[in-house]
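Have a look at the structure below before the remarks.
Proteins get letters first, then strands, A, B, ... in listed order; numbering begins at 1 in each. All values reported here derive from a predicted model rather than from experimental measurement.
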Number of protein chains: 2
Amino acid sequence: MKKHTDILLNNKLRVTEPRLVMVKVLHSQSKPVSAEYLIQKTQLDKVTVYRTLHTFVEHGLLREIDLRQGKLLYELADRPEHHHVVCTDCGVIEDVDACVFESLQSKVLRDSGFAKVTDHAMEFFGLCKQCDA
Amino acid sequence: MKKHTDILLNNKLRVTEPRLVMVKVLHSQSKPVSAEYLIQKTQLDKVTVYRTLHTFVEHGLLREIDLRQGKLLYELADRPEHHHVVCTDCGVIEDVDACVFESLQSKVLRDSGFAKVTDHAMEFFGLCKQCDA
DNA sequence: ATTTTTTTTGCAACTAAGTTGCACTTATTC
DNA sequence: GAATAAGTGCAACTTAGTTGCAAAAAAAAT
């Protein structure tokens, strides 16, 4: 499929079969996925999956997310920025629109004496309606 | 020292030598510390350290913090709630006063359709003044 | 189009953080 | 002080991810 090839080319990445397979699987999922999931779905060697994930993150194609599950998750970066809320019971993940981070940044700098804030993690944990019932 | 014994008793925990040693080391540090640091400082078996950390967290004595360093950090929960900003260059950690989380909670519930938010992670990453210079 | 160069891939072996099973020891309860 | 319950430490294991290196595949040069 031309679309997936273009995604790689647009990001100045070599077009290889493993990368096309990974882009395809990543596009098929609307929720963040783990390296483990990609290894199983793509049947690629785990080293290839881990290395490709890093490459994609470096090129800004993917976002790396830590939802306290002992492993990192990945989602395509072409979606609008947002945060996540994770059910601590069943693990379901829902989106939360981009946060009020801008207004917090100055407070962070003031409190800490840091020079710059370049990134932040803001994730929420709770119970989804099913698990709360 | 009576103080450390009391901390354990107040939290309905058995008073044992390893626990007293751990409380002592935890009190000696104002910044969050890793399990590794505690293992090295206390000379206790790593299994004991990991299990005691979990016990302390369950009893509300400790807070567990994930600052994306591939390992969890721990700090005493008797300090006022706050967040952290981490220098992505040198790793130094500074505190940020409790966040505007209350005002975000309703937004999170609205966006996600969750029933409850019980916890959140909100950490910042950037450059401290030294590393930015 | 073929050769050369460069990058990517996959295997095997490794690492780091943390966990589990189990016998032994140490606190608290009676 | 004996019985009971909980905590400790060793060895061995697990899980997520990494490193070295030779073979394979892309892109660049001819």
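In terms of modelled atom types and a separation under 3.5 Å, the side chain of His59(B) and the main chain of Thr55(B) share a donor-acceptor contact. Within the 3.5 Å criterion, the main-chain N or O of Leu38(B) finds a donor-acceptor partner in the side chain of Thr42(B). Panel note: side chain Asn11(A), backbone Leu13(A); no donor-acceptor pair is recorded below 3.5 Å. Although no hydrogens or angles enter the test, the distance criterion places a donor-acceptor pair under 3.5 Å between the side chain of Arg19(B) and the main chain of Arg14(B). In terms of modelled atom types and a separation under 3.5 Å, the side chain of Arg63(B) and the main chain of Pro32(B) share no donor-acceptor contact.
If you take CG of Leu72(B) and C1' of dA16(C), they are 13 Å apart, rounded to a whole angstrom. One atom, CD of Gln43(A), and another, P of dC11(C), lie 12 Å apart when rounded to the nearest Å. Separating the CG atom of Asp45(B) from the C1' atom of dG18(C) is a distance of 12 Å, rounded to the nearest angstrom. What separates OH of Tyr50(A) from P of dG10(C) is a distance of 15 Å, to the nearest Å. Rounding to whole angstrom units, CG of residue Leu53(B) and C1' of dA17(C) are separated by 12 Å. Computed from coordinates, the Arg19(A) CZ to dG10(C) P distance equals 11 Å when rounded to whole Å. Rounded to whole Å, atom P of dT19(C) lies 11 Å from atom NZ of Lys46(B).
Here Arg51(A) lies in heavy-atom contact (under 4.0 Å) with a base. Residue contacts for Thr55(A): at a heavy-atom cut-off of 4.0 Å it reaches no nucleic acid atom on any strand shown.
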### Query
If the sugar-phosphate is the primed atoms plus P, OP1 and OP2 and the base is the rest, what is the B/S/- string for nucleotides 23-30 of chain C, using protein heavy atoms under 4.0 Å?
----BS--
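Atom CD1 of Ile65(B) is separated from atom NZ of Lys31(B) by 11.0 Å, given to the nearest 0.5 angstrom. Taking CG of Leu8(B) as the start and NZ of Lys3(B) as the end, the distance is 12.5 Å to the nearest 0.5 Å. The distance from atom OG of Ser30(B) to atom CG of Leu76(B), rounded to the nearest 0.5 Å, is 10.5 Å. Distance check, rounded to the nearest 0.5 Å: NZ of Lys71(A) to CG of Leu67(A) gives 10.5 Å.
Close to dT19(C), at under 4.0 Å from its OP1 or OP2, lies a side-chain N or O of His54(B).
Glu94(B) and His82(B) share no donor-acceptor pair across their side chains, judged by distance under 3.5 Å alone.
In summary, contact between chain A and DNA chain D, defined as any nucleotide atom under 4.0 Å from a heavy atom of the protein, begins and ends at dA16(D) to dA27(D) in the 5' to 3' direction.
Summarising the geometry of Phe114(B) relative to Val86(A), their closest heavy-atom pair is CE2-C, 3.6 Å, with the distance given to 0.1 Å.
The terminal axes of the helix from dA1(C)-dT30(D) to dC30(C)-dG1(D), fitted over 5 pairs per end, subtend an angle of 30° to the nearest 10°.
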